Each structure stands twice: as structure tokens, then as C-alpha cells.
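Remember, predicted model here, so these are calculated numbers, not experimental data.
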Amino acid sequence: ACWELSRSSCEECLQNVSCLWCSTNETCVHYPVRSVLPPAFLCSLSSARWGTCWMNFEALIAAVAVVAGLLLVSAAACCCYCCYCRRCAKSSSPDEDEERLAQKREERRLQALERKRQRRAKHEEIRKKYGLLQDSDNPYSRFENE
């Protein structure tokens, strides 16, 4: 029963969290829970007190808005900073990436050369087996009858 505390002080009224103190007519009324802000016919925002007697509802709304804004801005700044740092970290190491790619390219080239050498050796063995080797002094004497 907030209306019973109307002739008392603001501190006594606000001991009950469901009460709202209006300083213009010094009345204690039940806080309208269904509406977030108290309606103007009940009490103006500049003279409404809820939670504390030293801060009116306008200042409370402004303080909450400032704190919420600071939290949102700081969260956005943190996200941007993290994304920027990740991008900088990725872009700061293109030399390392290029070096690693160059090493892999060189390894693949050496492996290809080794496979080519093995294929040539195998082909030479087959040519030797079937007598298809060319003589260094007479390249046209492939088939010799013995």
C-alpha cells in the first residue's frame, strides 16, 4: 500500500521497491509496472523518484542511457580492434607465406627432377635389355646382327 506512505518522506516511500515518489505533490504511488516510464498524469519525469531520492527519473534514464551507450561503443571498439589486429597479423606475414610457398615449390621441383631421372634410368635399362642403345661413334647402328 504505497498510498499509505504519501504523508511520509521520500526515503520511507522508496523502501518499498514497488513505490514511486512524486516530489511535486509529495505523494507515494504504486509504480506502474506495465509501462516502463511512469505516465505524465501520475507524475512528471523531472519530479518522479524511484530507487533513490537524490536522483530524479530523467537523470536515471540519462545515466542508464549513457552507461548502455558506453558499453555498446566499447564492445564495438573491441570488435573492430580485434578484427583489425587479426587482419594486421595476417598481412604482416606475407614474407613468411611467400617463403613457405617458395620452399614448397622448390621441393616439388626437386621431386619432379628425381622422378624424371628415375624414368630415364628405367628407360635406359629397357633400351639396354632389348639392344636399343645408341653407340656414341655410330648413332645409326641400332640393330646389329650378331
* Asked: Going through the checks in order, is the disulfide bond (SG atoms under 2.5 Å apart) test met by Cys22 and Cys43?
  -> CA-CA 6 Å; Cys22 188; Cys43 190; 2.1 Å; yes
* Check each of Leu71, Leu70, Val64 against Val67 using the side chain to side chain contact (heavy atoms under 4.5 Å, CB included) test, and report the only one that passes. => Leu71
* To do: For the pair Phe57 and Trp50, name the ring-plane relationship: parallel under 30°, tilted 30 to 60°, perpendicular over 60°.
  => tilted
* In terms of side-chain geometry, is the basic nitrogen of Arg117 or Glu114 positioned less than 4.0 Å from the acidic oxygen of its partner? -> yes
* Structure fact -> dist Thr52:OG1 -> Glu11:CD (nearest 0.5 Å) comes out at 10.0 Å
* Asked: So Leu20 and Arg49, side-chain contact (heavy atoms from CB on, under 4.5 Å) or not? Walk me through it.
  -> CA-CA 6 Å; Leu20 174 76; Arg49 308 281 195 263; 5.8 Å; no
* **CD1-CG distance between Ile61 and Asn56, expressed to the nearest 0.5 angstrom** => 9.0 Å
* Find the distance between NZ (Lys116) and CZ (Arg119) and round it off to the nearest 0.5 Å. => 7.5 Å
* Using 4.0 Å as the upper bound for N to carboxylate O, is an ion pair formed by Glu125 and Lys128? -> no
* Passing candidate, side-chain hydrogen bond (donor to acceptor under 3.5 Å, both in side chains) with Glu106, options Arg109, Lys104, Arg108 -> Arg109
* Asked: Hey, does the side chain of Ser18 reach the backbone of His30 with a donor-acceptor pair shorter than 3.5 angstrom?
  -> no
* Asked: So does Arg127 pair up with Glu124, basic N to acidic O under 4.0 Å?
  -> yes
* To do: Show the numbers, then the answer: is there a disulfide bond (SG atoms under 2.5 Å apart) between Cys13 and Cys28?
  => CA-CA 6 Å; Cys13 175; Cys28 187; 1.9 Å; yes
* **Shared hydrophobic cluster for Val29 and Leu14 (ILVMFWY, side-chain gaps under 4.5 Å)** => no
* Output the distance between atom CD (Glu26) and atom CH2 (Trp21), rounded to the nearest 0.5 Å. => 5.5 Å
* Find the distance between SG (Cys19) and CD (Glu12) and round it off to the nearest 0.5 Å. => 11.5 Å
* Asked: Which value, rounded to the nearest 0.5 Å, describes the distance between Leu60 atom CG and Trp54 atom CH2?
  -> 8.5 Å
